[in-house]
Amino acid sequence: MSTPEGPRRVRVTSPRTSAARRPLIPTGTREIDEQTRLGEVYMQSLIQSQLRLTLAVIGGLLVVLGSIPLLFWLVPATRTLSVLGLPLPWVLLGIAIYPVVYGAARIYVRNAERIEAEFTEFVGRQ
Amino acid sequence: MSPAISIGAIGLVVVATIGIGLFGLRISRTTSDFYVASRAISPRWNASAISGEYLSAASFLGVAGLVLVNGADMLWFSVGYTVGYLMLLVLVAAPLRRSGAYTLPDFAETRFESPAVRRICSGLVVGIGTLYLLPQLHGAGLAVQTVTGAPPQVGAMVVAVIVVINVAAGGMRSITFVQAFQYWLKLTALAAPIFVILVVWHQPVGLLDSLHGAAAEWAEPLSRAGGRDHPLYATYSLLLALCFGTMGLPHVLVRFYTNPDGRAARRTTVVVLALLGLFYLFPPMYAVLGRTFAPDLVNSGADTVVLELPGRVLPGTAGDLLGALVAAGAFAAFLSTSSGLTVAIAGVIDQDLLRSRLHQWTGGDYVAVNSFRIAALISMIVPYLAFTVTGSLSLADTVGLAFALAASTFCPLLVLGIWWRRMSTTGAAAGLVVGGIAASAAALVNVAGAPQGGWPRALVGQPAAWTMPLAFLTVIVVSKLTPDRIPAGTARSMVRLHTPEAVDVDRGLPSR
């Protein structure tokens with residue numbers, strides 16, 4: 001009886017730390033660094049989402065701000081209309097507009113940071 | 001008005017400004033501290049400093065004066081000054097910070113890889129900055145004249161000397177502390193008299209009478225109270241200039257570099273919007289009260305209404321003290337904006353004109369910081385000379401022209417440069433030249449003698465509505481015609497401008 005010359009049995013006690021592994025570098029950033037087609041697509045989608053957000057804020061503001069002179073122009077009664085003891089133009093332009101602008105800024109920053117967080121997670125995760 | 005108390009108050013502001021500046025000097029040690037405060041300033045400090053720097057003579061004195069004379073249409077000035085920061089936030093704030101550029105010429109050079117575009121930008125920074133410094137000096141002269149009766153040159157000289165000393169000695173770090181302090185001083189100085197008049201001082205006088213009744217035509221928008229033709233066009237054009245000019249002002253960008261990253265730049269801007277909105281509640285109130293208590297100022301010296309009002313309304317010591325507080329606030333306005341502009345202009349003169357020449361002349365035997373100090377001196381001398389030769393111009397009008405020039409040159413450069421990857425170097429240069437020439441021509445015609453009325457006058461008086469689209473169109477058309485002149489590094493630039501700092505990518509620049 002001869003003993004078979006198979007591979008020797010090894011007791012596994014811990015992971016093979018010395019063995020080759022899949023690289024940990026996220027490939028998303030490498031695609032961008034090497035300016036591959038895929039990397040360009042990543043960048044374009046980031047820039048386009050941010051630009052859409054920016055244009056939405058500007059568009060909204062354009063409608064709100066731009067319609068005020070038009071309102072005064074088309075409906076002269078609004079020029080002297082009294083609101084809370086003050087003429088409407090003074091209430092709109094002197095007071096009410098500032099909280100609106102501040103609110104728009106808050107909404108913008110929240111969404112811009114969300115877009116960036118999603119992008120970071122996306123290119124970092126792959 | 002009692003001159004002694006007011007002079008004392010102005011003196012205190014001056015001493016505090018220099019004092020805080022020296023304190024900053026003690027903790028600014030390296031060249032990096034000197035220029036950009038090591039970029040370690042918290043968003044709240046930075047927001048106060050940005051607002052303090054931005055609220056100039058035109059905001060502190062000019063807006064109230066314009067509303068007093070021309071009525072409700074002029075409320076758009078303060079709205080536009082504020083919305084300008086919102087446009088800056090959504091279009092350029094974070095990318096500009098991520099570009100790593102310290103000045104507008106820096107941005108132009110790294111994005112378009114062209115020394116020629118850089119030189120055009122340097123010229124424009126000096127031009128816009130000088131145009132903006134001029135009304136600050138006028139305002140200072142006016143304030144000192146109102147308070148003491150001294151000729152306008154005195155106030156202008158005081159501001160010029162203090163600013164140069166402070167900028168040359170302290171650089172950016174001390175300027176940040178000074179300006180944060182000056183925002184709160186300005187707000188207090190403007191709010192306290194209104195608070196006392198409306199809340200403490202119960203008199204049976206109709207405080208809001210000027211807004212109602214038969215004599216209230218001035219309070220209506222589009223009423224031509226200022227004698228302007230085509231008020232609807234003028235309103236839209238003004239709004240466009242202010243909304244899109246802010247991002248192109250030289251001192252605004254330098255200040256953004258002190259944010260640690262793009263995200264902080266955005267958050268800082270939101271705080272700035274709150275601070276600006278709070279401040280701009282007050283100037284219109286001075287105009288409304290001025291119509292009742294100081295109607296003579298409508299025809300002469302409207303820009304002094306903020307300074308005159310407390311003394312006119314409140315009798316005795318209370319009026320004197322509040323008048324002194326307002327004078328101190330006005331001085332803070334001149335000092336802070338002038339300092340910011342001088343830092344920005346001096347940075348450009350230093351980097352682009354002076355340093356290489358100094359290097360030649362002295363054979364390398366000079367210290368970099370000295371070049372910046374000489375540049376600071378030069379950047380104040382030019383507007384001071386201009387101030388001595390120009391007559392009296394309305395504060396907010398001159399500032400309006402500076403905004404129109406910025407909106408027609410740097411706004412297209414920044415907006416398209418950040419968002420449009422097919423912009424060519426030739427297109428950038430052409431847009432700057434065409435927009436710059438159109439807006440400066442309008443400004444020159446305006447100063448030399450505006451057309452008599454009708455459309456020509458309206459178009460020259462408020463040029464932004466046509467010069468800004470013209471500049472955008474020029475950039476787009478020329479870029480389409482010269483696709484081979486698109487910078488080779490555009491893709492890398494886009495990565496640098498738009499990728500969040502958390503993502504570890506090659507940004508194409510050595511990290512500074």
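The sequence lines fix the lettering, A, B, ..., with proteins before strands; numbering per chain opens at 1.
Of the listed residues A:Ile58, A:Val57, A:Leu92, the one with more heavy-atom pairs under 4.5 angstrom with chain B than any other is A:Ile58. Put simply, of B:Leu232, B:Leu273, B:Val503, the one with the most heavy-atom pairs under 4.5 Å next to chain A is B:Leu232. Your options are A:Phe72, A:Tyr108, A:Trp73, A:Tyr102, and the one with the most heavy-atom pairs under 4.5 Å with chain B is A:Tyr108. For chain B, the option among A:Leu55, A:Val109, A:Leu51 with the highest count of heavy-atom pairs below 4.5 Å is A:Leu51. Of the listed residues B:Leu497, B:Leu239, B:Leu75, the one with more heavy-atom pairs under 4.5 angstrom with chain A than any other is B:Leu75. Taking chain A as the reference chain and counting heavy-atom pairs below 4.5 Å, the highest number among B:Cys243, B:Ala72, B:Pro284 is found for B:Ala72. With chain B as partner, the option from A:Gln50, A:Glu113, A:Met43 having the largest number of non-hydrogen pairs under 4.5 angstrom is A:Glu113.
No donor-acceptor pair under 3.5 Å is formed between the side chain of A:Tyr98 and the backbone N or O of B:Ala274. Put simply, the side chain of A:Thr54 never gets that close to the backbone of B:Leu91: no donor and acceptor are under 3.5 Å apart.
Salt bridge absent: A:Glu116 and B:Arg263 never bring a charged side-chain N and a carboxylate O closer than 4.0 Å.
Of the two parts of B:Leu89, the backbone and the side chain both hold a non-hydrogen atom closer than 4.5 Å to a non-hydrogen atom of chain A. The parts of B:Thr499 that come within reach of chain A are both its backbone and its side chain, each placing non-hydrogen atoms under 4.5 angstrom from that chain. For A:Leu93, the parts sitting under 4.5 Å from any heavy atom of chain B are the backbone and the side chain alike. Interface remark: B:Met87 contributes side-chain atoms only to the contact with chain A (heavy atom separation under 4.5 Å). Both the backbone and the side chain of A:Leu70 come within less than 4.5 Å of a heavy atom in chain B. Within the 4.5 angstrom heavy-atom criterion, atoms from both the backbone and the side chain of B:Tyr280 approach chain A.
Residues B:Val67 and A:Trp90 come closest through the heavy atom pair CG1-CH2, 3.5 Å. When all heavy atoms of B:Thr235 and A:Pro69 are compared, the pair lying nearest together is CG2-CG, 4.0 Å. Closest heavy-atom contact between B:Leu86 and A:Ala104: CD2-CB, 4.1 Å. Between A:Gly94 and B:Leu281, the closest heavy-atom pair is O-CD2, 3.4 Å. Smallest separation of non-hydrogen atoms from B:Trp419 and A:Ile47: CZ3-O, 3.7 Å.
Between B:Met494 and A:Glu40 there is no side-chain heavy-atom pair separated by less than 4.5 Å.
Residue A:Arg114 qualifies as enclosed at atom CZ: its count of foreign heavy atoms under 6.0 Å is above 12.
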